[in-house]
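What you see below is based on every heavy atom in this structure, not just the backbone, and it leaves out hydrogens, waters and symmetry mates. Order of listing sets the numbers, starting from 1, for every ligand and every atom in it. This is a predicted model, so every value here is computed, not measured.
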Amino acid sequence: PHGAGLFQGLRPIDRKGEGRMKETGCVYLVGAGCGSADLITVRGLRLLQSCGAVVYDALIDPALLEEAPLAERYPAGKRSGSHSMPQEEISALLVRLAREGKTVVRLKGGDPFVFGRGGEEILALQEAGIPFEEVPGITSAIAVPAYGGIPVTHREFTSSLHIITGHARAGKPLEIDFEALVRTRGTLVFLMGVTSLPDICAGLLEAGMNADMPAAIVEQGTTPRQRRFNATVGTLAQTATEQAVTSPAISIVGPVCALAEKFDWFDALPLKGKKIVVTRPRERSGTLAGRLSKLGADVYEYPCIRTEPIIPCPEMEAALNRLGDYTHLVLTSPAGVEALWGMLEREGKDARALSGVTLAAIGPGTDRELRKHGLRADYIPAVYDAAHLGAGLAGMVSGRVLILRAELGSPALTEALERGKIPYDDIHCYTTAYESEHAAALRALIREDKVDIVTFTSASTVRGFAHSVGEDLDFSRVLGACIGEQTAAEARRYGIRTRVAAQATMDALIDIIIKEGNETWN
Ligand code: SAH
């Protein structure tokens, strides 16, 4: 829609854009790095976080797209066999988005110029007069061998590195000069070559390569699902068939492959390949999921419950206005602290509003949340659960106790206070609701027996989990790693086998997952 008026025919006028011409956006060809989402460059990540549109390939980790929550998303996935968008269409899409004035990130696996057809897209952009930049990425040709314990070069082993496509055009023989490759005595890295692996190995042997030359194939490199198989050039093709290796995979040929067993750090991670479901509420799952991933686990984050402060909450408001009636204020979760703090903020108050009352927290997580607000728990029980908190309080309180917690809080706390004849007010300041967004996916995982361990940090996460995957499912193969005896008891009610962390901390939970996960549970 070109504007009318004086300049009609001279230059387009965008009326909505206050008469200014809409500037053409820039297209950034960004290498996403290979496999694991955190192998993108800092520059690539920053562009992704600020772009208006992202056009991405099939092998991109979905976690990366979450870095661009506001950007328009266009899958342009190309996988051999199912070309979902022809190259010309991708180029046309990039041109159109840029002309709409958007900053476009064209996210490509590994490095855009290593068998990524980045050059073709740049030619199209150049022809259309669209500004562009290229951001290199960590290529699978180097990263995948590295995660398999194979350095692509190593002094005394090799003096060159060759990256070759093993992709054959339909019905045609490979266009590879095997004799030249064998003569280099370098490390040979074959991309896109799972189906043509027999031809590649035969070609190398015919060209005079020793059949004992070390070789390896690495599938789904850098991800928790990575598998590496060692072989020789004489046995590699057969090994790949026997192990049912599928794309994406990389084959490496050369003496450096002999270092794989010795240098393999990735397969040696304590939780490598373990499939673990983390059920914490989304706001709190981050650290646990992140730590398990770093230990090599394949982590699925399925928040089963969601906590929400009750607003307005007249009961809490009234209780805080007569805080002098209480000697102790008890908090049983970080969510409770958040709800309390939210109310103080809304009323224009701060931490001083709580002066004079003794603060009790169920454990260090709740205490940590208090500390964020300049507060500190005066009392934390030795065992971090409701029963011990209640018993501890019963032994030391002389006045009235104010409990701020969820509506379905554990009765163990109030029962202990009642046994000690301690008066209390149990006020509900937040709700826990089941989160069912991912229920179908989670159900499928459990059904297909693709889950090794599920973490449960509270009885309500157990109920949320059972509720969202369906209580009709057979849970006997699920292993529950639990914080707290009450949590474990709830899990056992659903037939889940359990292990309980020695303390109610993330460290202790991770400890039992590592120890028990490797020994007793298998
Ligand atoms: N531009 C990409 C390569 C694109 S070609 C890069 O620089 O990495 C696609 C091929 O890369 C796949 O067929 C496979 O051989 C290889 N590849 C990509 N990701 C991989 C991964 N995570 N594990 C193993 N091979 C991978």
Side-chain angles (χ1 to χ4, degrees), residues 28-41 44 55-64 76-85 87 90 105-122 134-150 152 161-169 174 176 187-201 215-230 236-237 239-240 243-253 257 260 264 266-267 272-273 293 296 298:
Y28 294 90
L29 230 69
V30 175
C34 147
S36 178
D38 55 7
L39 286 178
I40 192 170
T41 62
V55 182
Y56 60 96
D57 282 349
L59 289 176
I60 301 297
D61 186 326
L64 265 182
K78 278 178 298 177
R79 272 199 137 146
S80 89
S82 61
H83 290 249
S84 43
M85 205 191 266
Q87 191 58 50
I90 297 175
V105 162
R106 170 68 177 115
L107 199 57
K108 299 174 84 75
D111 183 276
F113 290 155
V114 178
F115 302 124
R117 305 184 74 172
E120 289 167 62
E121 288 171 20
I122 283 186
E134 199 265 354
V135 181
I138 294 180
T139 179
S140 59
I142 293 172
V144 171
Y147 271 63
I150 300 169
V152 285
L161 162 65
H162 309 267
I163 301 171
I164 307 123
T165 170
H167 184 69
R169 288 178 193 235
L174 292 165
I176 300 175
T187 302
L188 309 180
V189 175
F190 293 91
L191 272 62
M192 298 185 281
V194 180
T195 46
S196 40
L197 199 55
D199 292 343
I200 291 171
C201 294
I217 187 158
V218 184
E219 180 188 58
Q220 298 214 49
T222 80
T223 75
R225 297 166 298 286
Q226 171 175 313
R227 296 195 299 161
R228 185 203 64 224
F229 300 102
N230 296 333
L236 186 64
T239 303
Q243 302 292 344
V245 173
T246 57
S247 178
I250 274 181
S251 304
I252 307 115
V253 176
C257 293
D264 187 353
F266 190 56
D267 271 344
K272 172 72 202 334
S293 304
D298 197 358

Side-chain donor-acceptor pairs under 3.5 Å in residues 32-39, sequence neighbours left out?
unit_1	atom_1	unit_2	atom_2	d
Ser36	OG	Asp38	OD1	2.7

Discussion item. Taking the basic N atoms (NZ, or NE/NH1/NH2) and the acidic carboxylate oxygens, is any pair closer than 4.0 Å for Glu121 and Lys108?
Written reply: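 Counted as a salt bridge, because a side-chain N and a carboxylate O are separated by less than 4.0 Å.
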Practice prompt. Considering only NZ, NE, NH1 and NH2 on the basic side and carboxylate oxygens on the acidic side, decide whether Asp57 and Arg106 come within less than 4.0 Å.
Written response: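 Looking at Asp57 and Arg106, the cut-off is met.
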Discussion item. I'd like the residue list for ligand 1, meaning every protein residue with a non-hydrogen atom under 4.0 Å from the ligand.
Written reply: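 Ligand 1 pocket, heavy atoms under 4.0 Å: Cys34, Leu59, Gly109, Gly110, Asp111, Val114, Phe115, Thr139, Ser140, Val144, Leu191, Met192, Val218, Gln220, Gly221, Pro248, Ala249, Ile250.
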Discussion item. Restricting to side-chain contact (heavy atoms from CB on, under 4.5 Å), what partner residues turn up for Ile122, sequence neighbours left out?
Written reply: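 Testing Ile122 for side-chain contact (heavy atoms from CB on, under 4.5 Å), a comparison that skips the adjacent residues, returns Leu29, Phe113, Phe132.
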Practice prompt. Output all residues satisfying side-chain contact (heavy atoms from CB on, under 4.5 Å) with Pro136, sequence neighbours left out; order by chain, then residue number.
Written response: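 By the side-chain contact (heavy atoms from CB on, under 4.5 Å) rule, Pro136 matches Asp111, Glu134.
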Practice prompt. Have a look at Ile217 and tell me which of Asn230, Ile252, Leu236, Val144 forms a side-chain contact (heavy atoms from CB on, under 4.5 Å) with it.
Written response: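 Of the listed residues Asn230, Ile252, Leu236, Val144, the side-chain contact (heavy atoms from CB on, under 4.5 Å) partner of Ile217 is Leu236.
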